[in-house]
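This report concerns only the one structure given below.
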Amino acid sequence: MLNTKPNIASPDDFYEALIALHGDLTPEQSRAVDARLILLLSNHIGDAAVLRQAMARARQGIEPAGHDTILAARA
Amino acid sequence: MHVDYQSLRFDYRRSPDQSAGSAARHPVVVVGAGPVGLAAAIDLAQAGQRVLLLDDDRSLSSGSRAICFAKRTLEIFDRLGCGEAMVEKGVTWNLGRVFHRADPVYSFDLLPEGGHRRPAFINLQQYYVEGFLLERAQALPNIEIRWQNKVTAVSQSAEAVTLTVETPEGEYRLSADYLVAADGARSPIRRAMGLESKGRSFRDRFLIADVRMKADFPAERWFWFDPPFHPNQSVLLHSQPDGVWRIDFQLGWDADPVAERAPERVIPRVRALLGHDAEFELEWVSIYTFSCLRMERFRHGRVLFAGDSAHGVSPFGARGANSGVQDAENLAWKLALVLRGEAPDALLDSYDSERVAAADENILNSTRSTDFITPKNEASRAFRDAVLDLAKDCAFARRLVNSGRLSLPSTYRNSPLNTPDEDAFEGAMLPGAPALDAPLEGGGWLLDRLGRDFTLLHFGEAAPVVDGVRVVNVTPGEDAQGLAARRYDARPGTAYLIRPDQHVCARWRRLNPAKLRAAVDRATARVPEMAAC
Ligand SMILES: Cc1cc2nc3c(=O)[nH]c(=O)nc-3n(C[C@H](O)[C@H](O)[C@H](O)COP(=O)(O)OP(=O)(O)OC[C@H]3O[C@@H](n4cnc5c(N)ncnc54)[C@H](O)[C@@H]3O)c2cc1C
């Protein structure tokens with residue numbers, strides 16, 4: 001079960017550290033840091049059900065407006 | 001003896017069928033003398049079936065094409081009588097290494113344990129594989145091969161399939177009980193029947209440069225992401241027999257597929273990897289893109305699609321040729337039983353369900369590898385690069401690195417031919433699994449003992465007496481290393497029913513003749529309820 005109750009002891013300290021990570025980065029560099037962070041935290045959590053719940057919550061409310069580069073194939 | 005299989009040409013010969021007043025009738029016609037059609041024809045012939053094999057060409061594979069042949073496929077080739085020739089000629093390998101930029105990040109051993117006759121993989125040019133299969137096929141009196149016989153039309157009724165065949169001397173017609181369409185990715189038969197193979201295409205292009213050179217790289221699969229000699233793209237290096245090396249360069253979608261094939265474009269890329277004074281010759285150059293796709297059904301009445309005609313995957317994982325040969329083996333014994341009248345036609349439906357499930361597994365693995373190698377959007381690129389970066393010092397990330405998950409045989413978990421377990425077992429040999437090999441005393445191998453029909457593999461001091469099924473008994477003395485017992489979680493009295501394609505279909509802790517009979521009936525679709533599956 002994904003824990004969405006308060007679980008971080010000093011929320012303001014945490015938030016400051018998170019933002020500070022990106023202070024002097026370009027958007028591309030930030031994306032790299034975020035990706036590493038997500039992978040590190042995901043492995044730490046480990047529980048597949050929790051990870052899927054978190055993924056679903058993260059996408060909530062976002063109306064998809066992009067697409068990837070896969071094409072339909074027919075032969 | 002060295003045979004240049006690529007230069008062999010086979011003569012068209014007129015068949016009496018071409019002068020027959022009406023379409024000559026054959027029990028089974030296999031179309032396509034690629035690895036899949038050849039394997040199917042040999043397997044059918046070994047089961048005592050007369051086979052007609054048609055091919056529109058007069059030569060074997062031009063270019064090395066598929067080079068990695070997996071352990072299970074080698075075991076199938078052993079059963080078909082040409083495994084030893086393949087392994088002797090091939091380059092044996094078990095180890096893969098992955099590099100990011102100039103640094104090693106990950107390596108994997110595909111066969112970490114001993115006690116197997118065959119290695120995880122050999123590398124062998126497709127023309128050798130086809131050459132050895134062809135020599136075996138030519139040695140079997142009940143296979144007839146007709147070169148330059150091109151199938152141009154197919155129709156079927158409840159009783160037969162009718163084909164129109166074009167030859168240098170004009171058209172003729174044939175009829176058959178069953179048709180195996182192993183006619184490759186573009187499958188003219190699929191098209192003639194108005195059928196499609198559907199799936200996904202990836203926006204990327206790759207260059208294969210097979211080069212002949214003296215080099216002292218080890219016989220391992222080396223894969224680079226973003227190497228200094230080919231920035232931002234991936235490169236694969238792999239050895240083949242005769243001093244040939246496969247180098248596969250990712251080029252990206254915008255590369256010009258015609259210009260990139262020119263030696264003046266290819267040679268500098270190879271030099272960048274090998275060094276500027278490297279001496280090599282270009283052996284074969286090809287540019288490819290790929291799709292992951294399959295037909296919705298592999299069985300259409302009396303026509304059975306196998307290999308590339310039925311499904312396609314990306315080359316990363318070596319699942320194309322390997323899975324096609326596994327299709328052939330799944331189909332052959334079933335067709336042979338049906339043609340002999342020993343099993344109902346419904347048995348062929350299980351070819352469709354088992355091999356469609358296998359194709360889905362291959363497509364899933366191949367798509368995942370492709371998503372890693374060819375990121376399909378900015379986010380997937382960022383995660384891919386993050387995985388490679390973390391892999392340097394975080395063990396967990398190494399397991400996410402995906403340069404191809406290499407071909408493994410499918411376990412037919414949900415097959416209607418399986419008898420569900422009633423007894424408790426551990427380990428991998430569940431119903432539907434391909435039987436694992438093990439060494440036996442005196443230098444023999446377990447798989448070699450299994451034979452061409454259903455086999456009851458029994459563990460104990462003495463073989464049980466059973467009716468109608470061949471028994472292979474493994475005594476504790478023969479299994480001196482205990483590997484067979486360990487791999488099969490066997491105790492004295494344990495019995496496995498193994499299909500002709502060496503997949504497990506039932507197992508018990510204690511043999512019961514009625515249950516054994518029922519399991520054989522079920523595995524041959526002879527149980528009335530089974531007809532509905
Ligand atoms: C350029 C290239 C590179 C490849 N590289 C790799 C690789 O690195 N690794 C890998 O695993 N796989 C690779 N593959 C795929 C692999 O070669 C195939 O998966 C494998 O050959 C499939 O075997 P098949 O017998 O189903 O089809 P094919 O080998 O294509 O054989 C089909 C046969 O049918 C014949 N035929 C076609 N139409 C008719 C007709 N109308 N009548 C009679 N005969 C007909 C053809 O002449 C041919 O002999 C590559 C393929 C290509 C083209």
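Heavy-atom basis, side chains included; hydrogens, waters and symmetry copies ignored. Per chain, numbering begins at 1; letters A, B, ... match sequence-line order.
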Check every N and O of chain B against chain A and note each donor-acceptor pair under 3.5 Å, with its distance.
unit_1	atom_1	unit_2	atom_2	d
B/S197	N	A/A75	O	2.8
B/S197	O	A/A75	N	2.8
B/G199	N	A/A73	O	3.0
B/G199	O	A/A73	N	2.8
B/S201	N	A/L71	O	2.7
B/S201	O	A/L71	N	3.1
B/K376	O	A/T69	N	3.2
B/K376	O	A/T69	OG1	3.3
B/E378	OE1	A/R31	NH1	3.4
B/D389	OD2	A/R36	NE	3.3
B/D389	OD2	A/R36	NH1	3.4

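Ranked by non-hydrogen atom pairs under 4.5 Å with chain A, the options B/C292, B/A386, B/G312 are led by B/A386. Across B/A379, B/C394, B/A185, B/P375, the residue that shares the most heavy-atom pairs under 4.5 angstrom with chain A is B/A379.
Looking at A/L37, there are no atoms closer than 4.5 Å to chain B (heavy atoms on both sides), in backbone or side chain. Neither the backbone nor the side chain of B/A397 comes within contact range of chain A, judged by heavy atoms closer than 4.5 Å.
If you take CG on A/L39 and CZ on B/F396, they are separated by 5.5 Å, rounding to the nearest 0.5 Å.
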